[in-house]
Amino acid sequence: MLEMKKILGIFLAVCFVLSVTAAAASAAPWDNNKNKFKFGDHDKNKWDNNKNKWDNNKNKWDNDKRKWDNDKKKWNNKKHGKEYNKWYKTYMSWFVSYKKFCGYYSEFYSYYYEFYSSYSSHYGSRW
């Protein structure tokens, strides 16, 4: 039960971070005539900071995935019973949230690279 609360707490925290980041990314202004981002003084820094946050979250999720995969290897050699079924349900709920995070992560990266391609065409590649 404590383990499930811990997993749900992590899941809710990640969902909150994702929703805030997605809202910030979708609020980026566009220039309708040229279909490019409008650039301010600190836009590049904001995108870089968001990228670092996403990368850190990705590393945390990948570490959790390694732990779950190790547990899965341990269960492969054991007889399956009620404890395994309980573990497997928990694992599958975590795995669904992991796949959802990976989708959001790749979506952010598509916006990130789109921003940088627009940024480099606007300012040139001086970074």
Side-chain angles (χ1 to χ4, degrees):
M1 186 68 179
L2 181 63
E3 197 173 75
M4 187 65 156
K5 285 183 181 179
K6 194 183 260 188
I7 291 169
L8 285 175
I10 292 170
F11 177 70
L12 289 174
V14 169
C15 286
F16 175 77
V17 169
L18 291 176
S19 66
V20 169
T21 307
S26 67
W30 283 82
D31 185 358
N32 291 333
N33 297 333
K34 297 179 182 177
N35 201 17
K36 293 182 181 178
F37 289 99
K38 292 182 180 178
F39 302 106
D41 293 337
H42 304 290
D43 282 344
K44 184 176 179 296
N45 291 336
K46 287 179 187 177
W47 280 94
D48 287 339
N49 289 339
N50 279 341
K51 180 188 173 293
N52 290 338
K53 289 177 189 175
W54 278 94
D55 288 340
N56 288 338
N57 280 337
K58 176 78 167 125
N59 289 338
K60 290 176 187 175
W61 278 96
D62 288 341
N63 287 337
D64 285 346
K65 184 173 185 328
R66 276 188 223 102
K67 291 175 186 174
W68 280 102
D69 287 343
N70 286 336
D71 284 348
K72 191 175 182 181
K73 287 177 189 175
K74 291 176 187 174
W75 278 106
N76 282 340
N77 297 328
K78 292 183 179 179
K79 193 172 185 179
H80 296 230
K82 289 183 181 180
E83 288 184 34
Y84 174 78
N85 291 339
K86 182 179 175 183
W87 176 86
Y88 188 73
K89 286 178 187 177
T90 309
Y91 170 75
M92 288 310 291
S93 66
W94 176 86
F95 189 72
V96 167
S97 59
Y98 173 75
K99 284 297 189 182
K100 192 180 288 188
F101 170 79
C102 289
Y104 291 138
Y105 181 76
S106 62
E107 183 180 353
F108 168 78
Y109 258 87
S110 69
Y111 288 126
Y112 177 76
Y113 285 119
E114 187 176 339
F115 169 80
Y116 264 95
S117 65
S118 298
Y119 187 88
S120 64
S121 67
H122 185 70
Y123 287 113
S125 60
R126 59 182 180 185
W127 42 273

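Values in this document were obtained by computation on a predicted structure and should not be read as measured data.
Between Trp87 and Trp68, the ring-plane angle classifies as tilted under the 30° and 60° cut-offs.
Remark: Lys65 engages Asp69 in a side chain to side chain donor-acceptor pair (under 3.5 Å) (not counting sequence neighbours). With sequence neighbours excluded, no residue forms a side chain to side chain donor-acceptor pair (under 3.5 Å) with Lys67. Contacts of Tyr91 classified as side chain to side chain donor-acceptor pair (under 3.5 Å), with partners at least two apart in sequence or in another chain: none. Under the side chain to side chain donor-acceptor pair (under 3.5 Å) criterion, Asn56 pairs with no residue, sequence neighbours left out.
Pairs engaging residues 93-108 under the side chain to side chain donor-acceptor pair (under 3.5 Å) rule: Asp55-Tyr105, Asp62-Tyr98 [sequence neighbours left out].
The minimum heavy-atom distance between Tyr109 and Lys51, with the atom names listed, is OH-CE, 3.3 Å.
Here the straight-line distance linking atom NZ of Lys86 with atom OG1 of Thr90 works out to 7.0 Å at 0.5 Å rounding. With rounding to the nearest 0.5 Å, the separation of OH in Tyr84 from NZ in Lys74 is 14.5 Å. Interatomic distance, NZ of Lys73 versus CG of Asp71, reported as 11.0 Å (0.5 Å rounding).
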Audit row: Tyr88, Phe95, side-chain contact (heavy atoms from CB on, under 4.5 Å) steps and yes/no: CA-CA 10 Å; Tyr88 188 73; Phe95 189 72; over 6 Å; no
